[in-house]
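Right, one structure below, let's go through it.
One is the number of the first residue; the rest follow in order along the sequence.
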Amino acid sequence: KAIDVSAWQENINWASVKSAGVKLAILREGYRNTIDKYFLQNVKGCKANGIAVHIYHFLYWDGATIRQNAESTVANMKQAGLDLATTYVWVDLEYDSWTKAGETVSKSRCSAIILEYIKYLKELGIKHIGVYYNLDYARNYISDDVKAYPCWLAQYSDSYNTAYKPVL
């Protein structure tokens, strides 16, 4: 049982989360070159309660380069005491990323940005990387190069209705 957590959930009672059977929390680490307001607190709460931690970074390139996004991700992980070699990092690029950048999403541009971010993460020591996307992105904006990475597939219904095989 896993949950996705960001500042939108505010203060979390991690002991209650553990009691509910949650074994993994995927925590928003940040966006652009900013840390999520509750990231450090959430990592601490997960660790104290034996809940495994993955992180995700909401990728924006308005106001920060792709490299700066990656550098911020790694700096925030280090600040939280997370191991770069064992912690899973998920790349989250959504419609809002394009709106804020004043661009229109295309398969080639979307895939190039994701792969550039992944390249920098690897250079900075991240070993486990996956990509978060929804079915529209999977069908229209994600290249096979990106699909080669593990997928955290956003599924907005109660039934599994796709041939894509998500990791989580």
For the atom pair [atom1] ([X]) and [atom2] ([Y]), what is the distance rounded to the nearest 0.5 Å?
X: Leu27; Y: Gln41; atom1: CG; atom2: CD; answer: 11.0 Å
X: Lys23; Y: Ile3; atom1: NZ; atom2: CD1; answer: 12.5 Å
X: Glu94; Y: Asp92; atom1: CD; atom2: CG; answer: 4.0 Å
X: Ser6; Y: Ile26; atom1: OG; atom2: CD1; answer: 12.0 Å
X: Arg109; Y: Ser143; atom1: CZ; atom2: OG; answer: 13.5 Å

Cluster overlap Phe58 with Trp152, hydrophobic side-chain contacts below 4.5 Å: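 No, separate clusters.
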Using a distance-only test with no angle check, is there a side-chain donor-acceptor pair under 3.5 angstrom linking [X] and [Y]?
X: Trp14; Y: Asn42; value: yes
X: His54; Y: Trp90; value: yes
X: Gln68; Y: Trp61; value: no
X: Thr73; Y: Tyr120; value: no
X: Asp4; Y: Tyr132; value: no

Ring pair (Phe, Tyr, Trp, His ring centres under 6.0 Å) contacts touching residues 22-51 (sequence neighbours left out):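 Qualifying pairs: none.
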Test side-chain contact (heavy atoms from CB on, under 4.5 Å) applied to Trp98 and Thr104, step by step: CA-CA 6 Å; Trp98 301 100; Thr104 301; over 6 Å; no
Look only at the side chain of [X] and the backbone of [Y], and say whether a donor-acceptor pair between them is shorter than 3.5 Å.
X: Ser97; Y: Leu59; value: yes
X: His128; Y: Val89; value: no
X: Ser72; Y: Asn69; value: no
X: Thr87; Y: Asp83; value: yes
X: Ser19; Y: Ala15; value: yes
X: Asp36; Y: Ala7; value: yes
X: Lys78; Y: Leu84; value: no

Lys119/Arg67 under side-chain contact (heavy atoms from CB on, under 4.5 Å): CA gap, chis, key distance, verdict: CA-CA 9 Å; Lys119 177 186 88 163; Arg67 176 179 277 286; 5.8 Å; no
Over 12 foreign heavy atoms within 6.0 Å of NZ, Lys107: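 Yes - once you tally the heavy atoms of other residues, nucleotides and ligands closer than 6.0 Å, there are more than 12.
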Tyr60 six-ring centre to Arg32 NZ/CZ under 6.0 Å and within 45° of normal: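 Cation-pi check for Arg32 and Tyr60: passes.
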Is the shortest heavy-atom distance from the side chain of [X] to the side chain of [Y] under 4.5 Å?
X: Thr65; Y: Glu71; value: no
X: Val17; Y: Ile12; value: yes
X: Ile126; Y: Met77; value: yes
X: His57; Y: Leu93; value: no
X: Ile55; Y: Val53; value: yes
X: Leu40; Y: Gln79; value: yes

Return the minimal non-hydrogen interatomic distance between [X] and [Y], and the atom names on each side.
X: Gly45; Y: Asn49; result: O-ND2, 2.8 Å
X: Val91; Y: Ile129; result: CG2-CG2, 4.2 Å
X: Lys147; Y: Ala138; result: NZ-O, 2.8 Å
X: Asp136; Y: Tyr141; result: OD2-CE1, 3.5 Å
X: Tyr149; Y: Ile118; result: OH-CG2, 3.4 Å
X: Gly50; Y: Lys18; result: O-NZ, 3.4 Å

Pair Val131-Cys151, side-chain contact (heavy atoms from CB on, under 4.5 Å): steps then yes or no: CA-CA 5 Å; Val131 184; Cys151 163; over 6 Å; no
Chi angles and distances behind the side-chain contact (heavy atoms from CB on, under 4.5 Å) call for Ile114, Ile142: CA-CA 9 Å; Ile114 291 170; Ile142 301 295; 3.8 Å; yes
Within the 6.0 Å centroid threshold, strictly below: Tyr137 and Tyr95: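 Close enough - the centres of the two rings lie under 6.0 Å apart.
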